[in-house]
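All remarks here apply to the structure that follows.
Chain letters run A, B, ... following the sequence lines, proteins first and then strands; every chain starts at 1. Please read all numbers here as calculations on a predicted model, not as lab measurements.
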Protein chains: 2
Amino acid sequence: MVKSKNHPNNRTRERILDKAEALFACKGYHAVSIREITKSAECNVSAVNYYFGNKQNLYCEVFQHRWLPRAKRIHNCFRQLLADKPNCKPNDIVRALAQAFLQGPLTDAERVRHHQLISGEIAQPSQAFNLIAKQALHPLFNSIRGDLNAAMSEIFGDDQLTLSIFSIFAMILHFNFARHLITSLSGHQYDTDFKNRLVDHIVEFSMFGLIGKNGEDWNASTT
Amino acid sequence: MVKSKNHPNNRTRERILDKAEALFACKGYHAVSIREITKSAECNVSAVNYYFGNKQNLYCEVFQHRWLPRAKRIHNCFRQLLADKPNCKPNDIVRALAQAFLQGPLTDAERVRHHQLISGEIAQPSQAFNLIAKQALHPLFNSIRGDLNAAMSEIFGDDQLTLSIFSIFAMILHFNFARHLITSLSGHQYDTDFKNRLVDHIVEFSMFGLIGKNGEDWNASTT
DNA sequence: TTGAATTTCAAACGTTTGTTTGATACGAAC
DNA sequence: GTTCGTATCAAACAAACGTTTGAAATTCAA
């Protein structure tokens, strides 16, 4: 009956989106109940169905109205960092990317939420995956692809460039969403110092690998 | 009452473990019901509580009796590949690792299950995380750390080595559990050719980064 | 063949789930 | 002050959930 209504910017609606996002991020879709969300948002159980129709749709609208805007803020931060460097080299691009994702405009709590949500969709894609793939992942991927392609003086195969971008993203995502494992194995907390260290590492490893900046030119052993 | 019983190797028990693992892997813990598992295993609902006490414990025993043995097979494959190469260099180590995880002893279906399960635990650690951290992740990490340390002629800081290993693992895990995203962005299916390509890429990128094997020695632009 | 232990089963347990209902409260327009 | 569209609420809904029960099968040693 109220199906076509939009309920734009209603207070309760916004509170539900906030709390739902936090809960979905840290426990996963099926582990969170509507009652848990509405109790956290201090409203009635039926508010979810009133404003969003059903639970599944609430989950999608969390991605639409919370996750995507944040992804755009990160993307803009990345572009801004690049704009400050005309004639940028590949290492500038990787650094801007790592900074945008690890130290960018988000608070650390937002960053954790952001990457928990996307890691869930990457591991087990749902309806929301198509949304963020089309609106965030594909555009960002193509954007970086173009930048890197222009910045690389060497001739780079299409596939080689694609796989390299995947690898850089693998690191950035992994250092964000595998925090527990990384803390457990390395002993480092995710403080400012460590995140600086991570950005430097991602740039150097992406550029020079294990060989390192001043690396010797050893020959590979017999294959 | 039957609490201390072990029910070793019972047929029904094994079938439940098999089906539970497959379902937990592809839908996640909370999205799978006991009835779904027992229907798939063609036994009575109460069999889960009879053999495993409760759902949570079944989940843990899946990791104990299915996931861990597979992790050990991968680890053994890795060690075997290294044993065939005396005086191995870092690129041999990375190649052995990538091969063990992407082409190793598992069937492809097993590999997908394996990485879906661990990606769930990495993103949102549960009881099972401590088990696999202690019995698989820490040992493998330390093992690789020792190998790489011995193979690197250059002096490598402790942290630098640690972060490099994380990065290599980030790639290997990412290329395994983000299959949907990677297929969506690159157009590649996970056939034999593509997996060969991935192993080669992981080795080259881990060794030389974007610069590549025959890379020029450009200078970084001004920081 | 007997009898005790183990395994399977249908049925039910009390909760919790997502969703719906119908009544009440609110807020602006007339 | 009345009216009307919107928002909130307690209460209830059927369905599904994890778990328990107690009685039938089944197994197997004596």
Side-chain angles (χ1 to χ4, degrees), chain A residues 1-65 120 124 126-128, chain B residues 1-65 120 124 126-128:
Chain A
M1 31 180 68
V2 213
K3 229 167 201 170
S4 57
K5 280 280 166 188
N6 255 6
H7 308 290
N9 296 336
N10 180 292
R11 279 275 187 70
T12 305
R13 196 187 126 96
E14 297 300 310
R15 250 177 15 244
I16 292 176
L17 280 171
D18 286 335
K19 301 300 186 177
E21 189 201 17
L23 286 167
F24 284 146
C26 87
K27 305 174 80 174
Y29 177 79
H30 289 97
V32 177
S33 72
I34 290 187
R35 282 173 176 81
E36 202 175 349
I37 295 169
T38 53
K39 183 177 286 183
S40 171
E42 302 179 71
C43 65
N44 193 268
V45 214
S46 53
V48 162
N49 296 80
Y50 180 72
Y51 285 108
F52 302 95
N54 56 41
K55 185 186 177 186
Q56 174 69 34
N57 201 254
L58 165 59
Y59 180 75
C60 287
E61 298 224 23
V62 161
F63 275 88
Q64 181 100 58
H65 295 102
Q124 275 143 18
S126 77
Q127 284 184 24
Chain B
M1 34 179 66
V2 213
K3 231 171 200 163
S4 57
K5 280 279 166 186
N6 257 6
H7 308 288
N9 295 337
N10 181 292
R11 279 276 189 71
T12 305
R13 196 187 126 97
E14 297 300 310
R15 246 174 22 240
I16 291 176
L17 280 172
D18 286 335
K19 301 300 186 178
E21 190 202 17
L23 286 167
F24 285 147
C26 86
K27 306 175 77 173
Y29 178 79
H30 288 98
V32 177
S33 72
I34 291 187
R35 281 172 176 84
E36 201 176 352
I37 295 169
T38 53
K39 182 177 287 186
S40 171
E42 301 179 71
C43 66
N44 193 269
V45 214
S46 54
V48 161
N49 297 82
Y50 179 72
Y51 285 109
F52 304 96
N54 56 41
K55 185 186 176 186
Q56 174 69 37
N57 202 254
L58 166 59
Y59 181 75
C60 286
E61 298 224 21
V62 161
F63 275 88
Q64 181 101 57
H65 296 102
Q124 275 142 17
S126 78
Q127 284 183 24

Over how many whole Å does the gap from B/Y59 atom OH to D/dC17 atom P extend? 18 Å
Can you tell me if CD on A/E36 sees more than 12 non-hydrogen neighbours from other groups inside 6.0 Å? yes
Could you tell me the separation between the CZ atom of A/R15 and the P atom of D/dA7, rounded to a whole number of Å? 13 Å
For the residue pair A/Y29 and A/Q56, establish whether any side-chain heavy-atom pair is separated by less than 4.5 Å. yes
Would you indicate whether the side-chain heavy atoms of A/S126 and A/Y59 approach each other to under 4.5 Å? yes
Quick one: the side chain of B/N44 and the base of C/dA10, do they pair up donor-acceptor inside 3.5 Å? yes
Protein-nucleotide distance (A/Y50, atom OH; D/dA10, atom P), rounded to Å: 17 Å
Would a 4.5 Å heavy-atom cut-off, applied to side chains only, mark B/L58 and B/L17 as touching? yes
Quick check on contacts: within residues 26-43 of chain B, what sits under 4.0 Å from DNA chain D by heavy-atom distance? B/V32, B/S33, B/I34, B/R35
Residue pair B/V45/A/V45 against DNA chain C: nearer the 5' end by closest nucleotide is B/V45
For B/S46, which contact category applies under a 4.0 Å heavy-atom criterion: base, sugar-phosphate, or nothing? base
Examine C/dT7: is either OP1 or OP2 under 4.0 Å from a nitrogen or oxygen in the side chain of B/N10? Give yes or no. yes
Is there a side-chain polar atom (N or O) of A/N49 under 4.0 Å from OP1 or OP2 of C/dT19? yes
Minimum side-chain heavy-atom gap A/Y50-A/T12 below 4.5 Å: no
Just the rounded figure in Å: distance from C1' of D/dG18 to CG of B/L23. 16 Å
Can you confirm whether more than 12 heavy atoms, excluding those of A/K55, are under 6.0 Å from its NZ atom? yes
Whole angstroms only, please: what is the CZ-C1' distance between B/F52 and D/dT19? 16 Å
Non-hydrogen side-chain atoms of A/F63 and A/Q127 separated by less than 4.5 Å: no
Spacing between A/L58 atom CG and C/dT19 atom P, to the nearest angstrom: 10 Å
Gap between atoms CD1 and P, on B/I16 and D/dG18 respectively (whole Å): 14 Å
Have a look at A/Y51 and say if it touches a base, only the backbone sugar-phosphate, or nothing, with a 4.0 Å heavy-atom cut-off. sugar-phosphate
